[in-house]
Amino acid sequence: MVRSRHYYIRKFHRYFGVILGIQFLFWTLGGLYFSWNDIDKVHGDHLRKEKRYLPAALNLVSPQIPLRELQATTDVDSINSIQLVEVLGLPTYQIRYYSKEDTTQNAQPGDAHGGGHAVASSKVQLANATTGQLMAPLNKETAVQVALNNVVAPAQVEKVEYLAEVSGHHEYREKPLPAWAVTFSEPNCTVYVSAELGTFQAIRHNQWRMFDFLWMLHTMDFQTRDNIGNLLLKAFSFFGLITVLSGFVLYFVSSSAMRKVKKKAGGL
């Protein structure tokens, strides 16, 4: 029996509709959650204290002082940046630099100016901006204090973890490492503090975690969750469009109006 093109269009539309419909459901659920939630609350802004700034009347030493001290103990090749930040109320220089060892190992043939800066990641040294004395990375106690200074009261610490590395699915992915993860039972959240930078980096709570999970389903990036240009998403978007168009085609070729037009055309 010769089957009509309506049959094949209907089959294609039915099976692709079921497969793609599951992803369409995820997209819809994600869109509803994204649009019905305050993005500032998702970011955890309501769990943070108001940001504090350093006063203008500061007696600061020149960044050259800690820089000379750093060069005395480290083979500094070049400076990425020097930034003034506040660490537990203390004016602090964040010195980002490249060492000669890093630039030599990461240099590519033909690169100009040592080359490897595009590949190597900069190192960080903290220094007291009022004395010029170099500071060690944050330990557990100081990291907890930084976290407490950023979370609204009352705050109750539940546990503290040191993170040297994280997976692509971790809620602290693509953030400075190593870091301290300070989990609070009250409020229910986890604060991440960079050990080397000495500063607050992120706050994560259940509303953010649900957002992140739905975002993974939305982008269909099951590796890093944030790549909106992945092949799977492109494929589903393309076949989704084809499925929708096939529905329109199926409607027109099977509608009673089209059958009447065909009958009239055949009777002429």
Side-chain angles (χ1 to χ4, degrees), residues 43-44 47-106 114 116-151 155 157 159-166 170-184 189-204:
H43 290 160
L47 300 176
R48 293 190 60 186
K49 292 179 181 177
E50 185 176 351
K51 185 175 176 59
R52 298 184 304 174
Y53 296 94
L54 292 169
L58 289 175
N59 293 318
L60 304 178
V61 299
S62 169
Q64 283 290 346
I65 295 176
L67 188 55
R68 284 197 211 96
E69 188 175 342
L70 176 63
Q71 289 172 323
T73 58
T74 307
D75 289 331
V76 178
D77 176 75
S78 53
I79 301 299
N80 182 316
S81 65
I82 299 177
Q83 185 177 0
L84 179 65
V85 298
E86 177 262 330
V87 178
L88 296 179
L90 180 69
T92 304
Y93 287 129
Q94 275 181 358
I95 305 174
R96 297 174 186 260
Y97 68 95
Y98 299 101
S99 69
K100 293 180 180 179
E101 181 182 358
D102 290 335
T103 55
T104 301
Q105 290 178 351
N106 290 280
H117 292 179
V119 179
S121 58
S122 60
K123 296 181 177 180
V124 181
Q125 175 63 58
L126 297 177
N128 187 321
T130 59
T131 65
Q133 184 178 1
L134 300 184
M135 299 166 56
L138 298 189
N139 58 25
K140 179 179 178 179
E141 289 71 25
T142 52
V144 168
Q145 193 57 53
V146 169
L148 285 169
N149 286 357
N150 281 275
V151 173
V157 176
K159 65 177 180 178
V160 182
E161 296 177 276
Y162 183 77
L163 305 177
E165 59 180 8
V166 296
H170 198 278
E171 63 185 25
Y172 187 68
R173 60 188 179 273
E174 298 183 3
K175 297 283 188 180
L177 290 169
W180 291 97
V182 184
T183 301
F184 292 87
C189 65
T190 300
V191 172
Y192 293 92
V193 178
S194 171
E196 293 184 344
L197 296 177
T199 52
F200 166 95
Q201 293 298 311
I203 187 169
R204 300 291 184 250

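This chain uses plain numbering: 1 for the first residue, then up along the sequence.
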Of the non-hydrogen atoms in Ile203 and Cys189, which two are nearest, and what is the gap between them?
CD1-SG, 3.9 Å

Just so I know, are the side chains of Arg96 and Leu197 near enough to count as touching, which here means a heavy-atom distance under 4.5 Å?
yes

Could you list the donor-acceptor pairs under 3.5 angstrom formed by side chains in residues 170-181, with sequence neighbours left out?
from, atom 1, to, atom 2, distance (Å)
His170, ND1, Tyr172, N, 2.9
Glu171, OE1, Arg209, NE, 2.7
Glu171, OE2, Tyr192, OH, 2.6
Glu171, OE2, Arg209, NH2, 3.2
Tyr172, OH, Pro176, O, 2.7
Arg173, NE, Thr224, O, 3.2
Arg173, NE, Asp226, OD2, 3.0
Arg173, NH1, His170, O, 3.1
Arg173, NH1, Asp212, OD2, 3.3
Arg173, NH2, Asp212, OD1, 2.5
Arg173, NH2, Asp226, OD1, 3.4
Trp180, NE1, Leu138, O, 3.0

Return the CG to CG distance between Leu134 and Leu126, rounded to the nearest 0.5 Å.
9.5 Å

Can you check whether Val146 reaches Leu88 side chain to side chain, under 4.5 Å on heavy atoms?
yes

Does atom NZ of Lys49 have more than 12 heavy-atom neighbours from other groups under 6.0 Å away?
yes

Here the pair of heavy atoms bringing Pro91 nearest to Leu60 is CB-CD2, 3.9 Å

Specify the closest pair of heavy atoms between Val182 and Val157, including all atoms of both residues, with the distance to one decimal.
CG1-CG1, 4.1 Å

For Ile79 and Leu67, work out which heavy atoms get closest and say how close.
CD1-CD1, 3.4 Å

Side-chain H-bond candidate by donor/acceptor type, Thr183 with Thr190, under 3.5 Å:
yes

Gln94 and Thr92: side chain donor to acceptor below 3.5 Å
no

State whether the side chain of Gln71 and the backbone N or O of Asp77 hold a donor-acceptor pair below 3.5 Å, judged by distance alone.
no

Minimal non-hydrogen separation, Ala195 against Tyr162, with atom names:
CB-CE1, 4.4 Å

Between Tyr93 and Val61, what is the shortest heavy-atom contact and its length?
OH-O, 2.6 Å

